[in-house]
There are 2 protein chains.
Amino acid sequence: MAHQPGTKRGRPGYDQHSMLVVAVEAFNEFGYDATSIGTLAARLGTSKAAIYHHFSSKEELLELALDEALTALEGVLGDEQADEGTASDRLALVVRGAVHVLVNKLPYVTLLLRVRGNSDVERNALERRKNFDRAVTQLLSEARAEGSIRSDLDPSVAERLLFGMINSIVEWYKPKSPEDAARLADDVIAVAFDGLRVPR
Amino acid sequence: MAHQPGTKRGRPGYDQHSMLVVAVEAFNEFGYDATSIGTLAARLGTSKAAIYHHFSSKEELLELALDEALTALEGVLGDEQADEGTASDRLALVVRGAVHVLVNKLPYVTLLLRVRGNSDVERNALERRKNFDRAVTQLLSEARAEGSIRSDLDPSVAERLLFGMINSIVEWYKPKSPEDAARLADDVIAVAFDGLRVPR
DNA sequence: CCTACCGATCGGTAGG
DNA sequence: CCTACCGATCGGTAGG
């Protein structure tokens with residue numbers, strides 16, 4: 001910020017972040033490639049040049065949006081590492097944290113999960129996601145060594161199925177109350193750890 | 001077919017289906033929108049006009065590919081309805097069948113799962129997916145009424161989490177042997193029904 | 001921030 | 001007369 005907080009100078013237009021919010025919405029609706037800067041300008045009620053005032057390229061919009069999601073997800077791992085509990089407890093903490101990030105950063109995570117690696121920005125984001133998945137796989141291995149996670153299945157397959165379930169939330173979740181998000185995290189943990197079958 | 005099977009006339013080029021296979025690969029690699037007919041022609045080693053000989057539009061390529069995935073998935077429901085077992089048994093049959101369709105029709109299902117509804121063809125495909133999901137939700141309700149599925153969670157949330165896990169397979173599965181696909185189906189059923197925790 | 005544009009490439013089609 | 005194309009180019013629109 002180059003000027004005092006709270007003061008407004010120049011036109012009462014968009015700042016970088018409020019423009020990013022609209023852009024990410026459009027990217028999720030039409031797909032990143034299919035969203036032209038022209039379409040975006042129309043949505044914002046500005047010109048294309050107005051967008052290039054805040055961002056140097058279409059890809060910078062994508063990069064900033066992906067970073068928002070990845071920083072939040074990586075933060076969940078930071079919380080976990082500080083914990084003193086068993087691997088199983090820390091795993092539950094990561095699952096709960098990831099569900100909350102998905103819900104709180106829904107549009108950014110949605111965009112992240114659709115990245116395919118078609119550019120350096122996308123490949124970099126995929127690399128950060130891979131590191132996250134590796135850390136969770138490691139946690140699953142530890143929980144398995146503890147005897148709290150079933151041993152008849154490969155930890156990396158388990159990780160993919162677990163986060164396949166978690167990540168799919170972006171496909172259908174409609175933001176409601178914070179209690180709703182906590183309930184969803186409980187449901188995910190219940191299904192992931194104990195399955196759909198009635199608890200025996 | 002207008003001529004005898006086995007006979008070849010004209011150039012030994014692509015037929016509609018072999019061209020579709022290459023197109024679907026490209027759509028999954030770059031995204032449907034980001035894949036131009038020109039790029040496709042380059043991959044095929046043909047001209048754009050050669051593609052338009054076999055397909056009336058780019059969208060017809062998408063439509064035929066999506067239909068291949070949807071027909072296979074709908075077939076799984078047909079198998080289930082013929083079964084005489086409990087709802088729980090039929091649900092397991094659908095899960096196993098869906099995993100096999102994902103593996104056997106991997107590129108087509110991958111494409112289907114990335115459809116966002118940006119055209120009539122895409123919206124029609126989403127409608128057929130919704131009908132599939134509705135049928136599975138109904139099956140989960142029946143299994144719950146039977147007492148075989150936990151009752152502390154909404155059947156439609158359960159369906160979304162279950163198929164979120166199943167569908168995520170397209171993000172990482174690399175086709176290997178048929179035994180491998182059967183093993184994957186077993187793993188999915190184990191995690192979905194009994195969870196990651198050690199069986200008590 | 002706007003208007004006025006650029007080099008290039010898009011999906012699709014012509015005649016042969 | 002068929003299937004399977006080619007070289008060239010159309011009117012519009014993309015990101016910048």
Side-chain angles (χ1 to χ4, degrees), chain A residues 1-3 7-24 26-27 29-66 111 115-116 118-122, chain B residues 1-24 26-27 29-66 111 115 118-122:
Chain A
M1 254 168 286
H3 60 89
T7 66
K8 303 252 180 175
R9 301 205 305 196
R11 309 196 185 194
Y14 294 95
D15 63 4
Q16 201 194 52
H17 193 264
S18 60
M19 213 173 236
L20 186 60
V21 169
V22 176
V24 170
F27 291 161
E29 189 171 336
F30 307 117
Y32 173 73
D33 285 308
T35 306
S36 71
I37 296 290
T39 305
L40 222 50
R43 279 225 170 180
L44 288 159
T46 68
S47 64
K48 294 196 286 174
I51 296 172
Y52 283 102
H53 174 72
H54 290 292
F55 305 92
S56 64
S57 65
K58 190 186 175 190
E59 215 168 18
E60 195 191 357
L61 281 157
L62 181 64
E63 189 168 22
L64 290 170
L66 296 178
L111 191 61
V115 157
R116 309 257 66 90
N118 290 341
S119 67
D120 282 342
V121 164
E122 296 198 358
Chain B
M1 251 172 286
H3 60 88
Q4 304 303 314
T7 66
K8 302 251 177 175
R9 300 207 305 198
R11 310 192 184 199
Y14 293 96
D15 63 4
Q16 201 194 52
H17 193 263
S18 60
M19 215 172 235
L20 186 61
V21 168
V22 176
V24 169
F27 291 161
E29 189 170 336
F30 307 116
Y32 172 73
D33 285 308
T35 306
S36 71
I37 295 290
T39 304
L40 221 52
R43 280 223 169 181
L44 288 159
T46 67
S47 65
K48 293 197 288 175
I51 296 171
Y52 283 103
H53 174 75
H54 290 291
F55 304 93
S56 65
S57 67
K58 190 185 175 189
E59 215 167 16
E60 196 191 357
L61 281 157
L62 182 64
E63 188 168 22
L64 290 170
L66 296 178
L111 191 62
V115 157
N118 291 339
S119 65
D120 283 341
V121 163
E122 295 199 358

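A note on names: the letters A, B, ... follow the listed sequences, proteins ahead of strands, and every chain is numbered from 1.
Within residues 57-64 of chain B, no residue approaches DNA chain D, by heavy-atom distance under 4.0 Å. The stretch residues 37-52 of chain B touches DNA chain C through B:I37, B:K48, B:A49, B:Y52, each having a heavy atom within less than 4.0 Å of the strand.
Of all the heavy atoms in A:L111 and A:A65, the pair that sits closest is CD2-CB, 3.6 Å. In plain terms, the two heavy atoms of B:A41 and B:S47 that are nearest each other are CB-C, 3.7 Å.
At the heavy-atom level, A:T35 lies under 4.0 Å from the strands shown only through sugar-phosphate atoms.
Comparing C:dG12 with D:dA8, their P atoms sit 22 Å apart, to the nearest whole Å.
Here the straight-line distance linking atom CG of A:L40 with atom CD1 of A:I51 works out to 4.5 Å at 0.5 Å rounding. Separation of atoms CG (A:L62) and CG (A:L20) is listed at 9.5 Å; rounding is to 0.5 Å. Summarising the geometry, atom CG belonging to A:L61 is positioned 4.5 Å from atom CZ belonging to A:F55; distances are rounded to the nearest 0.5 Å. In this structure, CZ on A:F27 lies 6.0 Å from NZ on A:K58, to the nearest 0.5 angstrom. Remark: B:M19 CE to B:T46 OG1 distance equals 4.5 Å, nearest 0.5 Å.
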inquiry  = Test side chain to side chain contact (heavy atoms under 4.5 Å, CB included) on A:F30 and B:D33; report intermediate values, then the result.
reply    = CA-CA 10 Å; A:F30 307 117; B:D33 285 308; over 6 Å; no

* To do: Could you walk me through whether B:Y32 and B:N118 pass side chain to side chain contact (heavy atoms under 4.5 Å, CB included), step by step?
  => CA-CA 11 Å; B:Y32 172 73; B:N118 291 339; over 6 Å; no

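Between the CG atom of A:D33 and the P atom of C:dT9 there is a distance of 16 Å, given to the nearest Å. The OH-C1' distance, from B:Y14 to D:dT3, rounds to 17 Å in whole Å. For B:H54 and D:dC2, the NE2 to P distance is 17 Å, given to the nearest whole Å. Spacing between atom OH of B:Y32 and atom P of C:dC10 amounts to 14 Å, rounded to whole angstrom units.
For the side chain to side chain donor-acceptor pair (under 3.5 Å) with A:S56, the qualifying choice from A:H54, A:E60, A:E59, A:H53 is A:E60, the only one to do so.
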DNA chain D in dot-bracket form (Watson-Crick or G-U pairs under 3.5 Å, [ ] crossing, | inter-strand) is .....|.|.||.|.||

